[in-house]
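This report refers to the structure that appears directly beneath it.
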Amino acid sequence: MTAKDQLLQELDQIPEPMLKEVLEFVLALKAKQPVKSEKSDVWNAYLASKKEREEVYRRLANS
């Protein structure tokens, strides 16, 4: 049984007022985590820029 399956099983047994608290907790956890796709997009743009300007940086270092 996966963690998701266990969580869903437990959620079925929780009264509605407590479910609202659980939802708030889950949303707070999601808000704390950086979005991976945004981070990787920024990193990939940096790497592309670095590669694009590699020759320029090398010439500046050698001058």
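Quantities reported herein were computed from a predicted structural model and do not represent experimental measurements.
For the atom pair L23 CG and L11 CG, the distance stands at 10.0 Å (nearest 0.5 Å). Put simply, CD on E16 and CG on L19 are 5.0 Å apart, with the number rounded to the nearest 0.5 Å.
E10 approaches I14 most closely through the heavy-atom pair O-CG1, 3.3 Å.
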Inset, instruction - With salt bridge (Lys or Arg N to Asp or Glu O under 4.0 Å) as the test, would you mind laying out the steps for E55 and R58 before giving the verdict? - result: CA-CA 5 Å; E55 179 65 25; R58 188 178 8 195; 2.7 Å; yes
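Residues satisfying the side-chain hydrogen bond (donor to acceptor under 3.5 Å, both in side chains) criterion with D12, sequence neighbours excluded, are absent altogether.
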